[in-house]
Amino acid sequence: MPELPEVENIAAGLREAIRGEYLERVEVRRPGIIQGPHRRRWRRFLAQVAGRRVARVTRRAKRLIIVTDNRLTLLFQLGMTGKFLLGTKPVEADEFAKHTHVVLHVGDRRLVRFIDARRFGRLWLLDGLDPDEPDEAMNAARMGPLGPEALAMRTDAFRRLLQTERSVKTLLLDQTRIAGLGNIYADEALFAAGIHPTRRCGAISDEVGQDLLRAIKSVLRRAIRAGGTTFSDYRSPYGDMGRFRRRLRVYGRQGEPCRRCGATIEKIVVAGRGTHFCPTCQPVGP
DNA sequence: ATTTCATCCTGGAGGC
DNA sequence: TGCCTCCAGGATGAAA
């Protein structure tokens with residue numbers, strides 16, 4: 001599932017590949033994924049995009065943002081299985097054809113394909129987006145409000161976030177409070193900080209809370225450096241798998257021994273999500 | 001206001 | 001082998 005490190009990696013790959021290039025045409029094969037104020041006028045919007053250069057490729061939370069030189073924006077939410085693939089072959093030539101919902105036709109006959117088997121992904125068409133302050137345009141388009149970027153979260157702000165009785169895992173997945181974590185990195189960060197996922201936020205001491213914030217940033221940075229985590233679907237725009245999977249300590253390891261203490265990793269449901277933890281390294285109590 | 005829960009969607013896994 | 005059921009989960013909007 002594309003979380004912050006995967007989208008960061010996608011943004012870096014696409015930036016390298018298409019920044020400064022002409023977007024000759026944006027082909028939408030499944031208009032149903034289009035959202036935003038231009039939803040009903042998407043053809044007209046994309047006609048304004050055609051022939052412009054890609055000025056910027058960036059990321060906010062788990063959203064990928066492509067801005068043209070006339071300040072029109074394609075904003076992708078990747079959902080569960082959304083990915084981008086660079087190539088030159090015709091779309092129909094491979095097994096992803098039926099799940100290719102958008103194709104960016106770049107100069108030199110190159111293609112950037114947005115592929116999403118499970119179809120939770122969405123494309124927002126926005127105008128007036130300032131790449132340095134993207135939230136304003138997102139709010140204007142009535143997208144859900146986002147909390148601060150996890151990697152930019154300040155210690156005092158995080159301390160205030162923990163003033164609630166929700167379970168800590170629920171908080172970490174709440175994009176309106178802290179943006180970028182998904183199921184994999186929430187579980188990994190809680191393991192690294194030694195906190196049980198059902199722990200009430202308010203029961204976490206300041207000191208342990210700061211450990212948690214450090215763990216969040218550390219696991220995200222290490223995952224970015226490893227090119228993200230490929231559990232099943234994720235690939236970089238060049239088709240590469242993420243290398244962080246073999247570094248996972250708890251996610252997907254239920255029934256296997258903890259790499260720190262040897263206890264058996266357990267899996268429960270928290271906030272409606274599969275949740276993995278070590279019962280010894282992450283005790284329930286204070 | 002805050003928090004939980006069903007919903008969307010399809011490929012893959014597991015049961016019989 | 002084949003058919004059926006269930007599960008994964010990010011974000012959203014309704015419900016509690």
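Computed from a predicted structure; not experimentally measured. Residue numbers begin at 1 in each chain, while the letters A, B, ... track the order of the sequences.
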Which listed nucleotide ([options]) is nearest to the side chain of [X]?
X	options	answer
Gln77(A)	dA11(C), dG9(C), dG10(C)	dA11(C)
Lys98(A)	dG10(C), dG11(B), dG9(C)	dG11(B)
Arg118(A)	dG9(C), dT3(B), dG10(C)	dG9(C)
Thr170(A)	dT4(B), dG9(C), dT3(B)	dT4(B)
Phe120(A)	dA8(C), dT3(B), dG10(C)	dG10(C)
Arg273(A)	dG9(C), dT3(B), dC9(B)	dG9(C)

**OP:** Could you tell me whether Arg19(A) and Glu21(A) have a side-chain N and a carboxylate O separated by less than 4.0 Å?
**Re:**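 Salt bridge flag = no for Glu21(A) with Arg19(A).
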Using whole Å, report how far [atom1] of [X] lies from [atom2] of [N].
X	N	atom1	atom2	answer
Gln35(A)	dC8(B)	CD	C1'	12 Å
Leu171(A)	dT2(B)	CG	P	13 Å
Phe231(A)	dA8(C)	CZ	C1'	10 Å
Tyr251(A)	dG9(C)	OH	P	4 Å
Leu4(A)	dA11(C)	CG	P	11 Å
Asp174(A)	dA11(C)	CG	P	10 Å
Leu64(A)	dG10(C)	CG	P	18 Å
Asn183(A)	dC7(C)	CG	P	16 Å

Could you tell me whether [X] contacts a base, only the sugar-phosphate backbone, or nothing, with contacts defined as non-hydrogen atoms closer than 4.0 Å?
X	result
Arg166(A)	sugar-phosphate
Gly121(A)	nothing
Thr81(A)	nothing

Original post:
dC9(B) phosphate, OP1 or OP2: any side-chain N/O from His99(A) under 4.0 angstrom?
Top reply: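 Checking His99(A) against dC9(B): no side-chain N or O falls below 4.0 Å of OP1 or OP2.
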Original post:
Using a cut-off of less than 4.0 Å, is there contact between a side-chain N or O of Lys267(A) and OP1 or OP2 of dC7(C)?
Top reply: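 Answer is no, no contact under 4.0 Å.
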Original post:
Phe84(A) vs Phe76(A) aromatic rings, parallel, tilted or perpendicular, using cut-offs 30° and 60°?
Top reply: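 Aromatic pair Phe84(A)/Phe76(A) classed perpendicular.
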Original post:
What are the two closest heavy atoms between Leu126(A) and Leu75(A), and how far apart are they?
Top reply: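 Heavy-atom minimum between the residues: CD1-CD1, 3.8 Å.
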Original post:
Distance under 6.0 Å and angle within 45° of the ring axis: does Arg177(A) meet both against Phe158(A)?
Top reply: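 Not flagged: Arg177(A) not positioned over aromatic ring of Phe158(A).
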Subject >> Donor-acceptor contact below 3.5 Å, side chain Gln163(A) vs main chain Arg159(A) >> reply: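 Flag set: sc Gln163(A) to bb Arg159(A) pair under 3.5 Å.
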Original post:
Relative to the 5' end of DNA chain C, which residue comes earlier, Trp124(A) or Met80(A), by the nucleotide with the nearest heavy atom?
Top reply: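 Per heavy-atom nearest nucleotide, the more 5' residue is Met80(A).
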